[in-house]
Amino acid sequence: TSLEKIEDTSTIKSMKSMDFSGNQVLEVLDNDFNFLTEYTKDLIKLFNEKNDYYTKFMLNKFLMFFEKELWKIKSSLK
């Protein structure tokens with residue numbers, strides 16, 4: 001498996017290299033953390049349905065981190 005194959009199948013795509021303004025960086029981070037937050041919520045539901053409470057607990061810790069970072073990013077965008 002090559003990095004190109006992984007990137008082709010990934011839902012998160014690489015961006016072309018360029019000079020980004022501060023707001024552009026925050027917008028990219030906002031998009032990425034929104035994806036991670038929603039994906040983690042979906043995983044929590046899945047593991048809850050499977051009664052895998054340890055994994056659900058671990059993912060909840062990640063979710064708290066993602067939501068906190070997302071809040072900071074959105075506050076900086078205002």
Side-chain angles (χ1 to χ4, degrees):
T1 301
S2 69
L3 290 177
E4 288 178 1
K5 285 182 183 179
I6 293 171
E7 185 172 3
D8 289 342
T9 59
S10 175
T11 56
I12 298 177
K13 300 296 180 192
S14 295
M15 296 182 66
K16 295 194 188 278
S17 179
M18 61 183 255
D19 289 332
F20 291 100
S21 70
N23 262 4
Q24 287 173 315
V25 171
L26 290 171
E27 288 169 1
V28 170
L29 287 171
D30 181 57
N31 185 51
D32 290 347
F33 273 88
N34 272 313
F35 172 81
L36 290 168
T37 299
E38 292 307 312
Y39 188 71
T40 302
K41 286 178 182 179
D42 290 342
L43 286 174
I44 289 170
K45 288 178 190 174
L46 174 71
F47 285 106
N48 189 48
E49 291 168 3
K50 297 188 178 289
N51 297 323
D52 186 345
Y53 300 114
Y54 177 78
T55 304
K56 178 186 165 191
F57 176 77
M58 181 184 66
L59 287 169
N60 273 317
K61 296 285 187 183
F62 285 115
L63 182 60
M64 287 189 299
F65 170 77
F66 295 147
E67 288 176 334
K68 180 180 177 184
E69 295 302 309
L70 193 54
W71 174 81
K72 290 191 275 185
I73 292 165
K74 287 188 183 300
S75 293
S76 296
L77 279 170
K78 291 182 180 177

Exercise answer: donor-acceptor pairs, residues 63-74 side-chain atoms, under 3.5 Å, sequence neighbours excluded:
{"unit_1": "Glu69", "atom_1": "OE2", "unit_2": "Lys72", "atom_2": "NZ", "d": "3.1"}
{"unit_1": "Lys74", "atom_1": "NZ", "unit_2": "Asp30", "atom_2": "OD1", "d": "2.8"}

Task: Pairing residues for Gln24 by the side-chain contact (heavy atoms from CB on, under 4.5 Å) criterion, not counting sequence neighbours - done: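 Once residues adjacent in sequence are excluded, the partners of Gln24 under the side-chain contact (heavy atoms from CB on, under 4.5 Å) criterion are Met18, Phe20, Ser21.
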
Task: Approximate separation, where rounding is to 0.5 Å, of Asp32 CG and Thr37 OG1 - done: 10.5 Å

Would you list the atom pairs, donor with acceptor, under 3.5 Å between side chains in residues 50-59 and any protein atom, with sequence neighbours excluded?
{"unit_1": "Asn51", "atom_1": "OD1", "unit_2": "Tyr53", "atom_2": "OH", "d": "2.8"}
{"unit_1": "Asp52", "atom_1": "OD1", "unit_2": "Thr55", "atom_2": "N", "d": "3.2"}
{"unit_1": "Asp52", "atom_1": "OD1", "unit_2": "Thr55", "atom_2": "OG1", "d": "3.0"}
{"unit_1": "Asp52", "atom_1": "OD2", "unit_2": "Thr55", "atom_2": "OG1", "d": "2.8"}
{"unit_1": "Lys56", "atom_1": "NZ", "unit_2": "Asn48", "atom_2": "OD1", "d": "3.3"}

TODO: Sequence neighbours left out, what passes salt bridge (charged side-chain N to carboxylate O under 4.0 Å, His left out) with Glu27? Give chain and number order.
DONE: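 Testing Glu27 for salt bridge (charged side-chain N to carboxylate O under 4.0 Å, His left out), a comparison that skips the adjacent residues, returns none.
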
- [ ] Kindly write out the residues that satisfy ring-ring contact (aromatic ring centres under 6.0 Å, His included) with Phe62, not counting sequence neighbours, or none if the list is empty.
- [x] none

